**Student:** 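Have a look at this one.
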Amino acid sequence: MLMNIATLNASSAKALDTGNLHDWPGFFLDDCLYKVTTADNHEKGYGAGLIYADSKAMLEDRVLALRQANIYERQRYRHILGLPLIQATPDGAVAVETSFVVVRTMRDGQMMVFAAGVYLDRVRRDIDGAWRYAERIAVCDSQRIDTLLAIPI
Amino acid sequence: MDQPAHSLAAGWPPGLTRVPFWVYRDADIARDEQTRIFEGPDWHFLCLEVDVPETGDYRTSMMGAMPVVVARAEDGEVVAFENRCAHRGSLICLDDGGRVKDFHCVYHSWRYDLRGNLASIAFRRGVNGRGGMRDDFDMTRHGPRKLRVTVQCGLVFGTLSAETPDFATYIGPEIMVRLRRVLHKKVEVIGRFTQQLPCNWKLYMENVRDTYHASLLHTFFATFKITRLSQGGGVMVSDNGVAHASTTLAAGQGPDTAYAGLRADNQGLKLRDPTFMNAVPEFHDNINLQILSIFPGFILQQIHNALAVRQIVPRGVDSMDLHWTYLGFADDTPELRTMRLRQGNLAGPAGFVSMEDGAVGGFVQRGIAAAGRQSAIVEMGGDGSEGAETRATEASVRGFWKAWRARMGV
């Protein structure tokens, strides 16, 4: 199971890091929750996210908007992922915690640690047996976002 | 305020339609802004009243470069003072907020009451009869600078100046109505984020007041008919230029060809899950978007049901923090709260209709790096700063400069 989930994490990160954003929503179940928030918001129980999507279709809409509507300078991410910490839950889903670091490289070569934090995931198998995210909360350690958050974390 | 803030001010082009680019890059200007504006006769947004609900609750904030503590005193009054120990100048409060009996500086344990009055000094009488402060040291004459505070619609504003007019006069009656329209009952915080922008703070405030750019830069607006300049609405500016509000009315029926051929007119874009555009008219009118600003650094946003306040904090000439506080109302139904969470995708650092605003100030800051002798053109809709029944105008940007120049003596 560890290998399956590590592969899911790596595949999702690869879609974001290589610019194949269209592939990224495919790692989620149709009925899902994806949220980017911060440790402070998470601890206080604030519901809002920097990104808040409660369906796979909303993730597809975000990818569509990033491709066709929104303006941002050319940039790429590099996700460095920690070892998934796995815990079975009573309802058959699997709770996973995985640390991440995202390094952002801009058009002119400027690099920065854009985000570091932990994914709080719930994963389960889809009807074809593939592991997918039912829930992914990206909890960033810092509440500070440099310039803008375009590509999802 | 008689002396020009800067020798270069003599070279300012006449009228309100030109803004010399050096004003965004000059360190002397930034220093003068701190004393003349952020410590001057303006009302500065500090925090929400719900951030300090009970006696002893405090929240830290900023007035430009100046750190501030807002607290709820024993008698229930909201008070504020500089977050600086009278002794050696250390921060008194080190966290975003909390609840205390009194304040004490960690450095040498000088203690302050909830109003910021110096209450005790550690080892004031010395140890074993030696050392200590002189007997005539007057604690009532030493303490952090205290602010005048006003609480308006659940918002806490502060000022250091005795000359700042009362708040209603400051923002004017028209904008007061716009403020009350949105903040008419108790709010609840649903998220806080900070966006660091690579630009001078004035570029962001101009962007907020620039009703002309919104539907051109932000494609999302035009395509989904959230706001187009051809929709009804307008902009109002207080006579002194201090406050502005722009509104967009719900879209009319039928085809709209005003944007044909422009990049922003991307009719092919269709949402697969349009539930996040579901909204309810909660303010009993047909205004679906209202952006309100108060000089120098406060913004109130209503985009459908996505409500937020934003606070501008300059960090040097070419950087600023934008503090977002996402809001709901305390009596939200679960359905309405879910709507706000979904609509939160529209605004903020990752917002469909706002992420570009995080970058565009930086594009200007980089673009003007060598343009110290050139000026920006601010001429859409004429040369005045009066309100208009259109958003194809830069009237409220000119209003910003009217207020800024009055403070800076330009």
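Per chain, numbering begins at 1; letters A, B, ... match sequence-line order. Treat the numbers as computed from the prediction; the structure is a model and nothing was measured.
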**Student:** Looking at Arg62(A), Lys44(A), Lys56(A), Lys35(A), which makes the most heavy-atom pairs under 4.5 Å with chain B?
**Tutor:**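 Max contact count across the listed options: Arg62(A).
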
**Student:** Would you compute the distance between atom CG of Asp61(A) and atom CE of Met277(B) and round it to the nearest 0.5 angstrom?
**Tutor:**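 With rounding to 0.5 Å, CG (Asp61(A)) is 11.0 Å from CE (Met277(B)).
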
**Student:** Pick whichever of Phe363(B), Phe193(B), Trp324(B), Phe276(B) has the most heavy-atom pairs under 4.5 Å with chain A.
**Tutor:**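 The residue among Phe363(B), Phe193(B), Trp324(B), Phe276(B) with the greatest pair count is Phe193(B).
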
**Student:** Given that the side chain runs from C-beta out, which part of Tyr326(B) has a heavy atom under 4.5 Å from chain A: side chain, backbone, both or neither?
**Tutor:**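 It is the side chain, since no backbone atom gets that close.
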
**Student:** Tell me whether the count of non-hydrogen atoms from other residues, nucleotides or ligands lying under 6.0 Å of CZ in Arg124(A) goes above 12.
**Tutor:**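 Yes, enclosed.
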
**Student:** State the OG1-CD distance between Thr147(A) and Gln195(B), to the nearest 0.5 angstrom.
**Tutor:**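 Reported value, rounded in 0.5 Å steps: 7.5 Å.
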
**Student:** So, for Ala65(A) and Phe220(B), which heavy atoms are closest and what is the spacing to 0.1 Å?
**Tutor:**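 Reported closest heavy-atom pair: CB-CE1, 4.0 Å.
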
**Student:** Between Ile51(A) and Ala350(B), which heavy-atom pair has the shortest distance, and what is it?
**Tutor:**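 That would be CG1-CB, 3.8 Å.
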
**Student:** How long is the span from the CG atom in Asn70(A) to the CG atom in Leu217(B), to the nearest 0.5 Å?
**Tutor:**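 Output value for this atom pair is 9.5 Å.
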
**Student:** Looking only at heavy atoms, which of residues 308-315 of chain B get nearer than 4.5 Å to chain A?
**Tutor:**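 Only Arg315(B) of residues 308-315 of chain B have a heavy atom under 4.5 Å from chain A.
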
**Student:** If you round to the nearest 0.5 Å, how far is CG of Leu64(A) from CG of Leu271(B)?
**Tutor:**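 Here the rounded value is 8.0 Å.
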
**Student:** At a 4.5 Å cut-off on heavy atoms, which part of Leu59(A) comes close to chain B: side chain, backbone, both, or neither?
**Tutor:**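 Contact with chain B is absent: no heavy atom of Leu59(A) under 4.5 Å.
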
**Student:** At a 4.5 Å cut-off on heavy atoms, which part of Thr37(A) comes close to chain B: side chain, backbone, both, or neither?
**Tutor:**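 The answer is both parts of Thr37(A).
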
**Student:** Ignoring hydrogens, what is the shortest heavy-atom contact between Ala57(A) and Arg272(B)? Give both atom names and the distance.
**Tutor:**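 Closest approach of Ala57(A) to Arg272(B): CB-CB, 4.0 Å.
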
**Student:** With only heavy atoms counted, which part of Asp321(B) is less than 4.5 Å from chain A, the side chain, the backbone, both or neither?
**Tutor:**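 Side chain only.
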
**Student:** Start with the C-alpha distance between Asp96(B) and Asp40(A), add both sets of side-chain angles, then the distance that settles side-chain contact (heavy atoms from CB on, under 4.5 Å), and finish with yes or no.
**Tutor:** CA-CA 11 Å; Asp96(B) 298 336; Asp40(A) 197 42; 4.3 Å; yes

**Student:** Is NZ or CZ of Arg342(B) both nearer than 6.0 Å to the six-membered ring centre of Tyr52(A) and within 45° of the ring axis?
**Tutor:**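 Ring-cation test returns no.
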
**Student:** Can you give me the closest heavy-atom contact between Gly191(B) and Asn41(A), atom names plus distance?
**Tutor:**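 Gly191(B) and Asn41(A) have their closest heavy atoms at CA-OD1, 3.2 Å.
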
**Student:** Side chains of Ile145(A) and Met355(B): does their closest heavy-atom pair fall under 4.5 Å?
**Tutor:**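 In short, these two side chains do not touch, never coming nearer than 4.5 Å.
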
**Student:** Can you tell me how far the OG1 atom of Thr194(B) sits from the CD atom of Gln143(A), to the nearest 0.5 Å?
**Tutor:**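 So the OG1 of Thr194(B) and the CD of Gln143(A) are separated by 5.0 Å.
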
**Student:** May I ask you to test the Asn345(B)-Met58(A) pair for a side-chain heavy-atom distance under 4.5 Å?
**Tutor:**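 In contact.
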
**Student:** State whether the number of non-hydrogen atoms from other residues, nucleotides or ligands found under 6.0 Å of Asp31(A) atom CG is greater than 12.
**Tutor:**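 No, because the 6.0 Å sphere around CG of Asp31(A) holds 12 heavy atoms or fewer from other groups.
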
